[in-house]
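Below is one structure, written out as structure tokens, with a few remarks after it.
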Amino acid sequence: MVLIILVGMAGYNVWLFDVAHPLYTGSKDENVCLLGLGEDGRLYELNDHFDDYFYVVEESGVSSLLSNISSEYSGIKISRVRRRLFGREVDLLKISGGAEELKRAREVLRRRVGDEYLYEDDVRDTIKYLIDNDITPCSWYSFEGSKVADKNGLSIYRIESLSRVEGGPPLPPIKAISVDMVVISDFGEPDFHRDPVNYLAVYDGDEYHEFMVSGRDDTDIIRGLNEIVKRLDPNVIVSFGGNSFVWPYLVGRGRQLGIKIGLGVLGHEIHQSLYGHFSFFGRINIDLKEYVDDNPIFELKTLEELAEYAGLRIPSTSIDPFSYALFWNDRRQVLIDYVKWRVMAIYKLFWELMEQIFSLSSVTGIPPDYVLTASSGRQAEQYIMRMSRKRGELIPKVLGRRMRSYPGGLVLSPKKGVHSNVAVIDFKSMYPSIIMKYNVSPDTIVKESGGDVDFYEELGIGVRRDIKGILPEIVETLVRERDLVRKMMKEYPRDSPMYKLLDSKQRILKILANTMYGYMGWIAARWYSFEGASLVTYLGRRTIRESIEKARELGLNIIYGDTDSVFIEYDEDRVNSLLRWISEYLGMEAKIDKVYRKVLFTEAKKRYAGLTVDGRIDIVGLEYVRRDWCELARETQYRFVKLVLEGASKNRLLDEFRSIVNEIRSGKVALDKFVIWEQITRDLSEYKANAPHIAVARALSRRGWRIRKGMFIGYVVVKGEGPLYKRSVHYLKADMNKIDREYYIRNQILPVVARVVEPIGINEKTLLSIVEVAGTGLDRFFG
DNA sequence: GGCTAGCGGGG
DNA sequence: GTGTACGCTAGCC
């Protein structure tokens, strides 16, 4: 890019959303392009030239190799540069040139010198282009350039200058459509080689468009999709499960029928790209399944859960994909109505979540097209890559590491029982604070003491003080940015689009700061540091231990503690002096997070229930919050927690237990309350043990279903002989009359109730005796 | 009873 | 494919 303004050039504001290789160019040297939307919603392709490059460490023989390479490939340029790598200066040769020559040069060097001497050859040119020019997606830029062409709604320019614009509108006008479909098979999993798309639905916010299979011929569906996308010309195509199912199926189906899936601008064919996401040229592909998949508030990762969370209407009938074939054959209209609900919900959810997705993209620098596909580790890494460039540091490589684990947070054994008036003290962003305060970073870690180094003898790890590490700098930047964004938010009404955008942004900045420690301890991270991660947790343990010692010294009664929190019997003055001490002597910030009027602990760590001063019930770690217990058990535990915290008598609790046992035996409890959900976490062939959900998954697999990692298997236990895995059946195949109610009473209800009543003196045997006599008619003589 | 496999949620 | 600590059930000997 040059900064000369030529006569006859246009200058516009664009909201950039992607980087790619151009579809149309005015000259051969235009090899990258930015895609953006104007303030009027017009689509721009902004072409530019970018010389890709990589670095090589100057080892013996490299120079002669390079002179051979440069004489063989005329486009190659070589220059000497100095960069930093993990805080140390290194001299390197920078090799740049056209894609083809560069690829050949890389191959020669990899073979002859070794991969470990090359740097940034493993970073995509489009990514480097964004980073080197400090361009972040989902942000406004003003560009100047000359027009190359105008193609049916796509304006193509050659960029001459580009500069960031602050204070523009939150977003340009955006057109979105949602897509969902029905595919079925006579035998388990639909296969695109064989099974047509039966039904496809598109919603544009105004009209519902549907396409129906004709016999077993779905060519009109595939063509219809191409045509409707061309006609509606959306900027965003949103789906739920697009990257994992809809797009690969449609691409496969199109190949089978000899029809291109031309959903990109000007009919450009969709293709698979980074992290496996599908890319439509000029349009943003958003798959909302990826949003729920890495958000722990969603238990089963369904569209219904997401819709409920956003306050949308939930359909009266939800249909599991396992039952699509059944409904298609017997109750087709019900299925079609359900898909109609889905596609409309997907559309509405995009507008609800749009700000979050675009903020995540603008903060991390990953285009919105695959920012949700990228794992949180990759999101953090992309952010670090930008910062490293600004600091003149190389992007390191991931080579030769072995798995090692290190100790984590400190957890105290709780004092069993029900405690009154307990304050929960926690450290504000403990790990990010430690990273900043102690300068812990992959580039500051040393193994020897001496010089300007803080040395930790217990670990044999030191930290340089002469430079500020990249992670501390990043965390500081994130914290500072967040403060700024929070200040800006105050200038907008709470329901304005700008407020929503800024609120999403500040949340993402916080999440990103909290991710940095985990990132550093992740073996696949470019900036992996085993020592750095170990030091962070070590300092965390030291901080909490010292705080607990001080609290005891002050005469406070410690009930429990975990990693960055301490539960203390609340004595306002002494707790306040503890907080002051933490601030003054440890240089860390701690606060009272909440106060429990009552809190119940068993002997176990990481499991408790509390009643807060404002009347809310918190349940942590207990079965109530776990999906691998049936809903009946979870609800029952909640009732007992509430009773115990409210001070119910033992007799009252025993009566309650008796009545639940009787209710289950009466057969009045609905089937879905007995379903236990468990996740498939690996390939079915890798399981060594016989577990119920695996046995059920294997049965589904035999019936033709592809069991993928991440799927949830819902099953119930039925009457019969032998181990559980031999009498567990998929919930859709279960018969209400065959439910083993005694199993549920003894192995689901009894333990979860016992857990929360034992601390107040009711033992499991007492409950068991109720199970054994209740319903026999003798129970009224006992208790 | 002692051990392992597997899972999920917490900080 | 961010991290470690932990509790618990079921299967198996």
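The chains referred to below are lettered A, B, ... by the order of the sequence lines, with proteins before strands, and numbering in each begins at 1.
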Length of the OH-C1' vector between A/Tyr715 and B/dG6, whole Å: 11 Å
d(CG, A/Leu622; P, C/dG7) in whole Å: 12 Å
Residue-phosphate contact under 4.0 Å: A/Thr515 side-chain N/O, C/dT2 OP1/OP2: no
Atom-pair distance (CZ on A/Phe712; P on B/dG6), nearest Å: 18 Å
5' priority, DNA chain C, between A/Trp522 and A/Gly409 [closest heavy atom]: A/Trp522
Sugar-phosphate, base or nothing in reach of A/Tyr608, heavy atoms under 4.0 Å: sugar-phosphate
Sugar-phosphate only, base, or nothing, as touched by A/Tyr275 at under 4.0 Å among non-hydrogen atoms: nothing
Under 4.0 angstrom between A/Asn747 side-chain N/O and C/dA10 OP1 or OP2: yes
Geometric class of the A/Tyr608/A/Phe601 ring pair [parallel <30°, tilted 30-60°, perpendicular >60°]: tilted
Contact under 4.0 Å: A/Arg682 side-chain N or O vs B/dC7 OP1/OP2: yes
Phosphate contact (C/dT4 OP1 or OP2) by A/Thr537 side-chain N/O below 4.0 Å: no
Residue-phosphate contact under 4.0 Å: A/Arg755 side-chain N/O, C/dT9 OP1/OP2: yes
Basic-acidic side-chain contact under 4.0 Å: A/Glu299, A/Arg627: no
Sugar-phosphate only, base, or nothing, as touched by A/Trp527 at under 4.0 Å among non-hydrogen atoms: nothing
C/dA5 OP1/OP2 closer than 4.0 Å to side-chain N/O of A/Lys606: no
Nearest-nucleotide pick for A/Arg627, side chain only, options being C/dA5, B/dG9, B/dC7: B/dG9
Touch class at under 4.0 angstrom, heavy-atom based, for A/Gly408 against every strand present: sugar-phosphate
Phosphate OP1/OP2 of C/dT2: any A/Ser375 side-chain N/O under 4.0 Å: yes
Ring centers of A/Tyr731, A/Trp677 separated by less than 6.0 Å: yes
N/O (side chain, A/Asn690) to phosphate O (OP1/OP2, C/dA10) under 4.0 Å: no
Test applied, ring-ring contact (aromatic ring centres under 6.0 Å, His included); reference residue, A/Tyr431; option that passes from A/Tyr438, A/Tyr517, A/Tyr519: A/Tyr517
Sugar-phosphate, base or nothing in reach of A/Pro407, heavy atoms under 4.0 Å: sugar-phosphate
Minimum-distance nucleotide to A/Pro751 side chain [options: C/dT9, C/dA10, B/dG8]: C/dT9
Among B/dG9, C/dG11, B/dG6, the one nearest A/Tyr725 by side-chain distance: C/dG11
N or O in side chain of A/Arg378 less than 4.0 angstrom from C/dG1 OP1/OP2: no
C/dA10 phosphate, OP1 or OP2, under 4.0 Å from A/Tyr743 side-chain N/O: yes
Distance test, side-chain N/O of A/His693 to OP1/OP2 of B/dC7, below 4.0 Å: yes
Proximity to the side chain of A/Arg626 - top-ranked nucleotide from B/dC7, C/dG1, C/dC8: B/dC7
Sugar-phosphate only, base, or nothing, as touched by A/Ala604 at under 4.0 Å among non-hydrogen atoms: sugar-phosphate
Within-4.5 Å side-chain heavy-atom neighbours: A/Gln272 and A/Ser279: no
Of the listed nucleotides C/dG11, B/dC7, C/dT9, the one nearest the side chain of A/Glu678: B/dC7
A/Arg607 vs C/dC8: side-chain N/O to OP1/OP2 distance below 4.0 Å: yes
Verdict with supporting geometry, A/Ile544 and A/Val566, side-chain contact (heavy atoms from CB on, under 4.5 Å): CA-CA 8 Å; A/Ile544 197 112; A/Val566 191; 3.8 Å; yes
Candidate list A/Lys605, A/Arg541, A/Lys606, test salt bridge (Lys or Arg N to Asp or Glu O under 4.0 Å), partner A/Asp562, passing option: A/Lys606
Shortest side-chain distance from A/Lys605, nucleotide among C/dC6, C/dT2, B/dA5: C/dC6
Between C1' of C/dT9 and CZ of A/Arg746, the distance in whole Å: 17 Å
Sugar-phosphate only, base, or nothing, as touched by A/Gln679 at under 4.0 Å among non-hydrogen atoms: sugar-phosphate
